[in-house]
> 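Pasting a structure here, questions to come.
Atom set for the values below is all heavy atoms of this structure, side chains included, hydrogens, waters and symmetry mates excluded. Quick note on labels: first sequence line is chain A, next is B, and so on, each numbered from 1.
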Amino acid sequence: MIYMDHAATAPVRKEVLEAMEPYFTKYFGNPSTFYTVGREAKKAMEESREKVAELIGANPEEIIFTTGGTQSDNIAIKGIVLKNKNKGNHIITSQIEHPAVIETCKYLEKNGFEVTYLPVYEEGIIKIEDLKEAITDKTILITIMHVNNEIGTIQPIAEIGKIAKENKIKFHTDAVQSVGKIPVDVNELNVDLLSMSGHKIYGPKGIGALYIRKRTRLEPILHGGGQEKDLNPGTENVSGIVGLGKACEIAKEELEYNQKYLTKLRDMLIEGILSNIEESYLNGDLINKVPGTANFHFVGIEGEGLVLLLDGKGIAASTGSACSSKKLEASHVLKAIGLEDVDSHGSLRLTLGSENTEEEVTKVIQATEEAVKRLRSMSSIWNQ
Amino acid sequence: MIYMDHAATAPVRKEVLEAMEPYFTKYFGNPSTFYTVGREAKKAMEESREKVAELIGANPEEIIFTTGGTQSDNIAIKGIVLKNKNKGNHIITSQIEHPAVIETCKYLEKNGFEVTYLPVYEEGIIKIEDLKEAITDKTILITIMHVNNEIGTIQPIAEIGKIAKENKIKFHTDAVQSVGKIPVDVNELNVDLLSMSGHKIYGPKGIGALYIRKRTRLEPILHGGGQEKDLNPGTENVSGIVGLGKACEIAKEELEYNQKYLTKLRDMLIEGILSNIEESYLNGDLINKVPGTANFHFVGIEGEGLVLLLDGKGIAASTGSACSSKKLEASHVLKAIGLEDVDSHGSLRLTLGSENTEEEVTKVIQATEEAVKRLRSMSSIWNQ
Amino acid sequence: MYTDKVMDHFQNPRNVGEIEDADGIGEVGNPTCGDMMTIYIKVKDDKIDDIKFKTFGCGAAIATSSMITELAKGKTVDDAYAISRNDVAEALNGLPDVKMHCSNLAADALQAAIDNYRSKNS
Ligand SMILES: Cc1ncc(COP(=O)(O)O)c(C=O)c1O
Ligand SMILES: Cc1ncc(COP(=O)(O)O)c(C=O)c1O
Ligand code: FES
Ligand code: FES
């Protein structure tokens, strides 16, 4: 298999699984207990917290473990606005957030909050002017993702954070797609809250973290035994936490190398596809982009068929096509960058990981070319 | 190590870990994707759902996966009352629920709901009469745990369920401590919702399930990409789900044997402790009790010291003493069954698992006897 | 949770017991709160010549009792009286935040014993 859907999820690294294993069977204690096997679990958890903190330039006390990116987003956004609802009811976000943020905002809209969804234009990047204009004296939260999961564009987080700070507005960023892929430092980025997820960085699924800057208060949305500063109660997923820590440690070590390597592979991929396949286009900005992501559209074909043909050749890739989604709606991200529905239907997302090779890239270019040709040959809207 | 704190957590069974492993590295796909490696993950998830359903007599479509018992309780309780808030605002629960239920109820009390906490008397069991009296035309939810985590008493769930049904009130039970330990059948028990957790039944931590009877509607408390019927959004913890399924399968196979075996071990333990240690008492009803649990109190000593001394001899056990809790409050459960604070301070909970042996029980009785003697010899309130 | 020093004093407490003909006895705490400490002192030439304790309480309560008897032994009555809860906690290489009150208890018990001694000898 050639796996090129790393924005969806990544395999757990061998070293990560090895680090986790003792915590299933040997050091299996409940970290809330104070006998030896519980203390071992607790200790591992705290070491992991340090590793997570280190990757993003935070203090360990500013990290809580969560059950993934979605929970981090929910805890952060609802936590801030419910805590500050007496100060105002306005939230600013972007049109291309992940559903974990968008659906949370929509839910809050039904409950008395007002939300501004900033446009991102053809490049897939918000304009600072728009942000400044959107701020009112009722604004209590800005939540803008660092890197988009479909087109890979990078938002000007540090700049947004500066403006948020000047206006004394709390600032959250969904960094699920940036942590471990580009340098992320909570202080350079001026963020108060930052969400991350384990399975996007070769850690396990079902584990994530939320950075909460010191003295930032959140209203809990889940209630129970008080774990993770009362914000994520329940017996801690110790093996998952250990896995996340190990994944962060490795990500830090390999960050520089991977950035270069993945940029090279991606550029090769883009160059190969655009030059070999006629009427093929890149979606979103090329420059402000995370190294491993490339999103294309091919005129005259439909993405689901493309993904299935590639799968037949052992290639895992993704599409923003409505036909492949449960709700038969086209990608809101491709729509936001101005793609017509008919074009977003012909979209293909390829997201690279460090285990991909040049040889694989070559194969994928060739397979995509063939598949597009084949689909076009039976397409009613393709005429050459 | 002799581990006798199975109500806190249990080690992951070898077979469970083996079942999980391929889903970290080989079938690592995101179950929402539709290429091969994603479909494999999805398939494993659905097989696991069947196994969970089978253990509790449910249909697979009635099971959603959660991140543990705490999240199941939160999703169920808040989900029902928020969905039905136009019908009433009254909730009935018991005084001995787990914090995941009690803290959720307290939070709801702050938000316009009224909660009745039924007493449990010396036996640790609610009285059906009290329940009947508590019901009003505003009651929208009854949530009563199946088995208590501290003293192991079993509540008359089927009977409660019948009354709930007659009164058209939704009924949730926290069955985290009963599933896999005594027979649990959602239809015999007349429950609409039932919470369970993986790590209490030799599955992994950070995974659980919620049974939701067909046509029972819940308001989601977490928002995102729509996974698990919109109730637990986020990329699914596939390996955890597979582990939970395997744990349920094993629990079902071994249920009958373990019930007998653990009852025998527990009775040996109770007999040994009560007859060898003067001024020692059993907390909670002896008859309506889950097989593996025994909770004692010893006059004149404090439980934290006892747990530490036992730990020094390689024995893992637990206490309900205030001094061992973060908030320095004595166990609300021991209080509810009428223990004076000074007695609850001297409590010890031993909870057995299938890997415990008679030899271990003998050792624990002896070690407890010695530790109690030692602590009494330095106690200012013990005079013999 | 506990430092090695705390565990040592908990597992091998020094000066456990009672002094039959004590010059001062200090009793503090409340069994309802889970802690109850009694300190017995014997004074000779204005110095703590012998000291013993009995404690009902958590690991930290026992360890702080044990430690304060070590700190006090041989000190003048005034110096012993001046031992603070921080002195006890520090001598144990620290205590968890929630357990600081246990070291308070030990200092209070010793002071109560000295008060009792002084009231009998003034
Ligand atoms: C940008 C972004 N945010 C949030 C999430 C949700 O993370 P998780 O699947 O860990 O809940 C994802 C991935 O699914 C993502 O790409
Ligand atoms: C009765 C009961 N309910 C709920 C829970 C919470 O489960 P979890 O730790 O999986 O969140 C537990 C155990 O901690 C429990 O014993
Ligand atoms: S063409 Fe069939 S779902 Fe879109
Ligand atoms: S005696 Fe209760 S906490 Fe120390």
> Within the supplied structure, the quantity of interest is the number of heavy atoms (other residues, nucleotides, ligands) at a distance under 6.0 Å from A/K313 NZ; does it exceed 12?
yes
> For B/S324, is it the side chain, the backbone, both, or neither that has a heavy atom closer than 4.5 Å to a heavy atom of chain A?
both
> As an exercise: rank B/G208, B/P233, B/G226 by heavy-atom pairs under 4.5 Å with chain A and give me the winner.
B/P233
> Can you spot which of B/N149, B/V333, B/I102 makes a side chain to side chain contact (heavy atoms under 4.5 Å, CB included) with B/I96?
B/V333
> Can you confirm whether or not the ring centre of B/F28 sits under 6.0 Å from the ring centre of A/Y3?
yes
> Given a strict heavy-atom distance threshold of 4.5 Å, which part of B/E304 is in contact with chain A: side chain, backbone, both, or neither?
both
> With chain A as the partner, which of B/K14, B/M1, B/Q71 has the greatest number of non-hydrogen pairs under 4.5 Å?
B/M1
> Between A/N30, A/N74, A/T9, which has the largest tally of heavy atom pairs under 4.5 Å with chain B?
A/N74
> Out of B/V37, B/T235, B/I75, return the one with the most heavy atom pairs under 4.5 angstrom to chain A.
B/T235
> Looking just at side-chain N and O atoms, do B/E355 and B/H6 make a donor-acceptor pair shorter than 3.5 Å?
yes
> I'd like to verify something: which residue of B/A317, B/G29, B/G224 has the highest number of heavy-atom pairs under 4.5 Å with chain A?
B/G224
> May I ask you to name which of B/V238, B/T67, B/L222, B/T25 has the most heavy-atom pairs under 4.5 Å with chain A?
B/L222
> One thing to verify: whether B/K106 and B/E109 come together as a salt bridge, which I'm taking to mean a side-chain N less than 4.0 angstrom from a carboxylate O.
no
> Among the options B/A8, B/S32, B/G68, pick out the one with the most heavy-atom pairs lying under 4.5 Å from chain A.
B/A8
> Taking side chain as everything from C-beta outward and backbone as N, CA, C, O, which of these in B/Y27 sits under 4.5 Å from a heavy atom of chain A? Side chain, backbone, both or neither.
neither
> Please check if any side-chain donor atom of A/S239 sits under 3.5 Å from a side-chain acceptor atom of B/K205, or the reverse.
no
> Is any side-chain N of the basic residue among B/E46 and B/R49 closer than 4.0 Å to the acidic one's carboxylate O?
yes
> If we count only N and O atoms by modelled type, under 3.5 Å, do the side chains of B/E219 and A/Y107 hold a donor and an acceptor together?
no
> Using non-hydrogen atoms only, which part of B/L17 is less than 4.5 Å away from chain A: side chain, backbone, both, or neither?
side chain
> Between A/G206, A/P11, A/A100, which shows the greatest number of heavy-atom pairs under 4.5 Å with chain B?
A/P11
> Decide, yes or no, whether a salt bridge links A/E15 with A/R13 under the criterion of side-chain N to carboxylate O below 4.0 Å.
yes
> Quick one: does B/D73's side chain have a donor or acceptor within less than 3.5 Å of a partner on B/T70's backbone?
no
> Chain B: which of A/I207, A/V16, A/T36, A/T33 shares the most heavy-atom pairs with it under 4.5 Å?
A/T36
> Picking from A/M20, A/K78, A/H98, which has the most non-hydrogen pairs under 4.5 angstrom with chain B?
A/K78
> Can you tell which part of B/K326 gets under 4.5 Å to a heavy atom of chain A, answering side chain, backbone, both or neither?
side chain
